[in-house]
Amino acid sequence: MTETLDLHLRRMPRVALLDLATPIQRLRRIEAALGEQLNGIGLFVKRDDVMGLGGGGNKLRKLEFLLGDAIAQGADTIITVGGRQSNHARLTAAAAARYGLRCELVLGRVVARDDEDYTENGNIILDDLFGATIHDVAGNVSTLAVAEERAEVLRASGRKVYVAPTGGSSSVGCLGYAACASEIAAQSAAQDIHFQHIIVPNGSGGMHAGLSAGFAGLGAGAAKVKSFAVLARVEDARRGTLEKINATLALLESPGVSPDEVNISGAQLGEGYGIPTEAMKKAVRLMARQEGLLLDPVYSGKAFAGLLDDIANGALTPGQNVLFIMSGGIPALFAYRKEFRPGE
Ligand SMILES: *Cc1c(COP(=O)(O)O)cnc(C)c1O
């Protein structure tokens with residue numbers, strides 16, 4: 001089965017943005033801190049925050065296929081969209097720099113924060129450092145519509161433009177996490193650890209969709225993946241993620257999955273995208289203080305809070321192994337300085 005998935009993936013245009021498989025590590029100090037609550041559960045993280053380009057993060061896996069596709073189509077420019085503190089925008093800018101493409105970013109003010117940390121620090125500084133052109137648009141404007149208009153203007157002047165959607169989560173982008181499922185299967189076999197659950201945040205749904213498509217393609221089951229919605233309301237996240245799983249499986253020439261194989265919780269969304277929750281702050285602190293590792297305030301902090309909550313509520317079967325994917329987003333911590341001030 002692994003061979004079939006890998007064979008299909010190998011036919012897709014791809015550039016190299018990751019140098020190595022990202023490590024899988026055990027969270028021994030958090031396990032100890034959870035004490036009785038842990039119930040014999042094995043807590044592991046896959047370090048997708050550790051990558052050698054542009055500060056790293058989950059979007060690089062998608063960008064391997066997105067840039068591959070763009071370059072195969074002869075593009076000289078990539079345009080993508082996101083919020084002001086988009087990690088995807090930052091990593092698109094870095095990957096474009098690495099491959100000599102021009103990059104334009106349409107960034108919407110979708111999160112109601114206008115303090116200087118949020119509007120000028122974190123990812124946005126890095127976007128500019130990587131040489132991207134930034135289009136700053138209001139929160140109620142469709143960034144994708146602005147991106148398409150800009151693409152037309154550039155095409156009229158002779159440029160070849162590739163437009164990537166929010167979070168890079170086209171079916172081509174999702175292939176990055178289908179490939180990650182294969183990477184996890186190989187590491188799991190080599191380390192002789194079986195992971196019953198894979199836990200991720202759900203923003204644009206591409207990480208969940210790609211992993212579910214990959215595990216379905218491997219015959220290991222799409223339902224192994226559980227995500228915590230941090231952007232859309234949970235019903236919308238379920239519908240969007242199912243569509244993406246099946247679009248990705250179609251690219252891989254594999255049969256689709258049914259809605260009951262899409263496991264998403266809405267319990268950590270709080271007041272909405274980019275709005276901190278107390279549980280997120282506690283989870284970020286716990287990971288930093290017990291393990292010396294960094295979660296981010298928008299995605300992985302909320303998802304890890306969800307996993308801690310599942311453990312506390314006995315939602316996981318004793319003795320099972322859980323793999324939490326650390327997805328990066330570290331620059332956003334600086335945009336949320338207020339929340340992490342000493343004593344907060
Ligand atoms: C984008 C992002 C996610 C969510 O991935 P999706 O594929 O959009 O669901 C999770 N963590 C971080 C740090 C991200 O930047």
Side-chain angles (χ1 to χ4, degrees), residues 22 45-51 54-66 80-95 107 110-111 122-123 126-127 164-181 198-214 225-232 234 236-238 240-245 247-248 262-266 268-269 273-274 280 283-284 287 293-307 324-336:
T22 60
V45 285
K46 182 159 175 66
R47 300 291 310 280
D48 274 13
D49 57 323
V50 181
M51 295 177 185
N58 72 339
K59 301 310 179 310
L60 287 182
R61 291 194 185 270
K62 304 178 187 180
L63 285 160
E64 289 201 321
F65 289 92
L66 291 168
T80 198
V81 300
R84 186 98 185 142
Q85 285 296 333
S86 168
N87 300 305
H88 168 63
R90 179 225 336 147
L91 289 168
T92 302
L107 303 181
V110 287
V111 178
N123 281 297
L126 305 181
D127 296 342
T166 309
S169 291
S170 61
S171 47
V172 167
C174 291
L175 292 172
Y177 269 92
C180 182
I198 313 281
I199 310 293
V200 298
N202 191 314
S204 61
M207 190 162 40
H208 184 147
L211 285 166
S212 274
V225 183
K226 175 177 181 177
S227 66
F228 288 90
V230 302
L231 174 61
V234 69
D236 296 333
R238 281 196 193 108
T241 303
L242 176 64
E243 273 172 26
K244 289 183 175 81
I245 294 171
T248 308
V262 184
N263 189 5
I264 306 179
S265 162
Q268 300 298 322
L269 179 61
Y273 178 69
M280 175 280 287
V284 171
M287 187 71 102
L293 303 181
L294 296 173
L295 294 166
D296 82 283
V298 178
Y299 301 94
S300 57
K302 286 185 175 178
F304 197 68
L307 172 56
F324 179 82
I325 306 204
M326 292 191 65
S327 46
I330 292 162
L333 285 168
F334 302 102
Y336 284 78

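Residues: numbered from 1 along the sequence shown. Just so you know, ligand 1 is whichever comes first in the structure, and atom 1 is the first atom listed for that ligand.
The shell of residues lying under 4.0 angstrom from ligand 1, judged by heavy atoms, excludes G167. Residue contacts with ligand 1 do not include S300, since none of its heavy atoms lies under 4.0 Å from the ligand.
Nearest heavy atoms, K46 versus R61: CE-NH2, 3.7 Å. The heavy-atom pair separating G301 from V284 by the smallest distance is CA-CG2, 4.0 Å.
Residue contacts with ligand 1, taken as heavy atom pairs separated by less than 4.0 Å, do not involve V298 at all. When non-hydrogen atoms are compared, ligand 1 lies under 4.0 Å from neither the backbone nor the side chain of H208. Residue H88 does not touch ligand 1, judged by heavy-atom distances below 4.0 Å.
For atom 8 (O) of ligand 1, the closest non-hydrogen atom of the protein is S204 OG, 2.5 Å. Given atom 5 (O) of ligand 1, the protein heavy atom at minimum distance is N58 ND2, 3.1 Å. Counting only heavy atoms of the protein, atom 11 (N) of ligand 1 lies nearest to S327 OG, 2.6 Å. The nearest protein atom to atom 14 (C) of ligand 1, hydrogens excluded, is given as K59 NZ, 2.9 Å; this is a heavy-atom distance.
Atoms of ligand 1 found under 4.0 Å from any heavy atom of N87, numbered from 1 in the order shown, are 13 (C), 14 (C), 15 (O). For ligand 1 and K62, the ligand atoms under 4.0 Å from any heavy atom of the residue are 6 (P), 7 (O), 8 (O). Listed by atom number, the atoms of ligand 1 under 4.0 Å from G206 heavy atoms are 6 (P), 7 (O), 9 (O). Set against the non-hydrogen atoms of G329, the atoms of ligand 1 under 4.0 Å away are 13 (C). Taking every heavy atom of D296 and a limit of under 4.0 angstrom, the matching atoms of ligand 1 come to 13 (C). Residue contact check: N202 has heavy atoms under 4.0 Å from atoms 9 (O) of ligand 1. Numbered from 1 in the order shown, with element, the atoms of ligand 1 that lie under 4.0 Å from a heavy atom of G328 read 13 (C).
The only option from V81, D127, T80 that meets the side-chain contact (heavy atoms from CB on, under 4.5 Å) definition with L107 turns out to be D127.
Not a single donor-acceptor pair under 3.5 Å links the side chain of K62 to the backbone N or O of S169. Put simply, the side chain of N123 gets close to the backbone of Q85: a donor and an acceptor are under 3.5 Å apart. Remark: the backbone N or O of G56 is paired with a side-chain donor or acceptor of R90 at under 3.5 angstrom.
Annotation: side chain of S227 is not in contact with side chain of M207 (no heavy-atom distance under 4.5 Å). At a threshold of 4.5 Å between non-hydrogen side-chain atoms, the residues V45 and M287 count as touching.
By the 6.0 Å and 45° rule, K244 does not stack over the aromatic ring of Y177.
In this structure, Y299 OH and L231 CG are separated by 6.5 Å, a value rounded to the nearest 0.5 Å.
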